[in-house]
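One structure below.
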Amino acid sequence: MAYRIERVILRQIRMPLVHFFETSFGRTYERVIVLVEVQSEGRSGWGEVTAGEHPFYNEEWTDSIWPLLRDYVAPRVTATPIQSADDVFDRTSAIRGHFMARGGAEAAIWDLEARRAGVPLAKHIGGTRTEMFCGVSIGIQDSVGQLLAKIETELAAGYQRIKIKIKPGWDVDVVREVRKTFPSIRLMADANSAYTLADADHLRRLDEFHLMMIEQPLAHDDIIDHAKLQAQLQTPLCLDECIRTPRHAEQAIEMHACGIINIKLGRVGGFRQARRIHDIAQAHGIPVWCGGMLEAGIGRAHNIALSTLPNFVLPGDVSASKRYWKRDIIQPAIEVSSRGTIQVPAGPGFGYDIDTDYLRSITVREETIA
Ligand code: OSB
Ligand code: MG
């Protein structure tokens, strides 16, 4: 049953974070997020573009998304009827990169299609789980004491694993303190490309702390150096920034550049590519987990659907709305059980309602492409 996307509505919203979030490339106090609404036959589907405010995680940022979606993606998805959301990634394949902008629109169309069919998005993408496992990502803090206090709070809330951000000067000594205080928790570290292969000896000092994995220590675009580093470490590497396409996943696995893959919907261009990467990893016995990009509720709800695919066997970075927002843009807010799980909603589409009053109040830019 083909359907036509009649309208694409872009919105930019501003939302202050409850706590700042610091990675090796800087601090974020407020998110500026682009949302994509697609309309067809009186129904809407919603997507969230996961790019940051600056082109530091990848090349996309808040201001690159708008013209890309308006001038390149919207014309391609409205031109002719959609046969299946699974074809949408290919419609935009003439565009090099810009996976987050393209993925935001693709995810909106998956949501719309699931709502048309009256099924949960999780089921529509082929997911099987009814609950997903949650960890938290804790940014770089002003002191180790603050970090230990935050970890304590998150463990008490039930989260199943703790990820801390590291960078040169905030790494081995910090991890040692965390391990001393919490000897048996599931712990990992994410460097967001803050090191080079010249730091291999230094990074090897992390082996004694039995981390579940070290995420993306080296350059955002260098699978080969990660393979060289992995050969010198006991701790499994997990790739985030490096894996943008299914082919990258195949190459990284073939070269033993990682033992685990973090899948982010935006980074790879949406559900179709995410599922392919998931399937490749599964076929090779490589576990995956769902990463986060400080999403508001819509992106978070899409991440929950993605995490229902069977090879999402490790706790990811998708956690409760209240860790980020005083008020989320969806209702109800996303909650995490005391066992550190999120119940996958059973309603059609991504399964939450848009809080339209709140959304209107935080919208700073809007444009309709018909
Ligand atoms: O590398 O996983 C990352 C946030 C912004 C950019 C990159 C990353 C992150 C996180 C936060 O780790 C995950 C989250 O809580 O959404
Ligand atoms: Mg990461």
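All ligand and atom numbering here is 1-based and tracks the order in the structure. Only a predicted model underlies this, so the values are computations on that prediction, with no experimental measurement involved.
Restricting Glu215 to its N/O/S atoms, the shortest distance to the Mg ion (ligand 2) is reached by OE2. Looking only at N/O/S atoms, Asp240 comes nearest to the Mg ion (ligand 2) through OD2.
Metal site remark for the Mg ion (ligand 2): Asp190 contributes an N, O or S atom at a distance under 2.8 Å. Under 2.8 Å from the Mg ion (ligand 2) lies no N/O/S atom of Asp317, from backbone or side chain alike.
Close approach of ligand 1 to Tyr57 is summarised as follows: ligand atoms under 4.0 Å from at least one heavy atom of the residue are 7 (C). Remark: ligand 1 atoms within the under-4.0 Å shell around heavy atoms of Met293 are 6 (C), 7 (C), 16 (O). Within ligand 1, the atoms closer than 4.0 Å to a non-hydrogen atom of Lys165 are 1 (O), 2 (O), 3 (C), 8 (C), 9 (C), 10 (C), 12 (O), numbered from 1 in the order shown.
Residue contacts with ligand 1, taken as heavy atom pairs separated by less than 4.0 Å, do not involve Thr28 at all. By the criterion of a heavy-atom distance under 4.0 Å, the side chain of Asp240, and not its backbone, is placed next to ligand 1.
Of the residues listed (Arg161, Lys163, Arg186, Arg323), the one engaging Glu154 in a salt bridge (Lys or Arg N to Asp or Glu O under 4.0 Å) is Arg323, and it is the only one.
Closest protein heavy atom to atom 1 (O) of ligand 1: Asn192 ND2, 2.7 Å. Given atom 16 (O) of ligand 1, the protein heavy atom at minimum distance is Leu294 N, 2.9 Å. Nearest protein heavy-atom neighbour of atom 13 (C) of ligand 1: Gly292 O, 3.4 Å. Remark: minimum distance from atom 11 (C) of ligand 1 to any protein heavy atom is reached at Phe21 CZ, 3.5 Å. At the top of the distance list for atom 15 (O) of ligand 1, counting protein heavy atoms only, stands Tyr324 OH, 2.5 Å.
For Arg116 and Glu113, the salt-bridge test fails: no basic side-chain N is under 4.0 Å from an acidic carboxylate O.
Residue-ligand proximity: Lys163 is placed with a non-hydrogen atom under 4.0 Å from ligand 1.
Because its NZ or CZ atom is both nearer than 6.0 Å to the ring centre of Tyr324 and within 45° of the ring axis, Arg300 counts as a cation-pi partner of that residue. Seen from the ring of Trp325, Arg31 does not count as a face-on cation partner, given the 6.0 Å and 45° thresholds.
For the residue pair Tyr352 and Asp328, no side-chain donor N or O sits within less than 3.5 Å of a side-chain acceptor on the partner.
Of the possible donor and acceptor atoms, one in the side chain of Arg267 sits under 3.5 Å from a partner among the backbone N and O of Asn262.
Shown here is Glu254, whose CD atom has no more than 12 heavy atoms of other residues, nucleotides or ligands within 6.0 Å.
Between the choices Lys264, Gln216, Glu295, the shortest heavy-atom distance to atom 3 (C) of ligand 1 belongs to Lys264.
Taking the six-membered ring wherever Trp is involved, the centroid distance between the rings of His302 and Phe271 falls below 6.0 Å.
Between Phe20 and Tyr29, the ring planes are tilted. Angles from 30° to 60° get that label.
When hydrophobic clusters are built by joining Ile, Leu, Val, Met, Phe, Trp and Tyr residues whose side-chain heavy atoms come closer than 4.5 Å, directly or via intermediates, Ile330 is grouped together with Val336.
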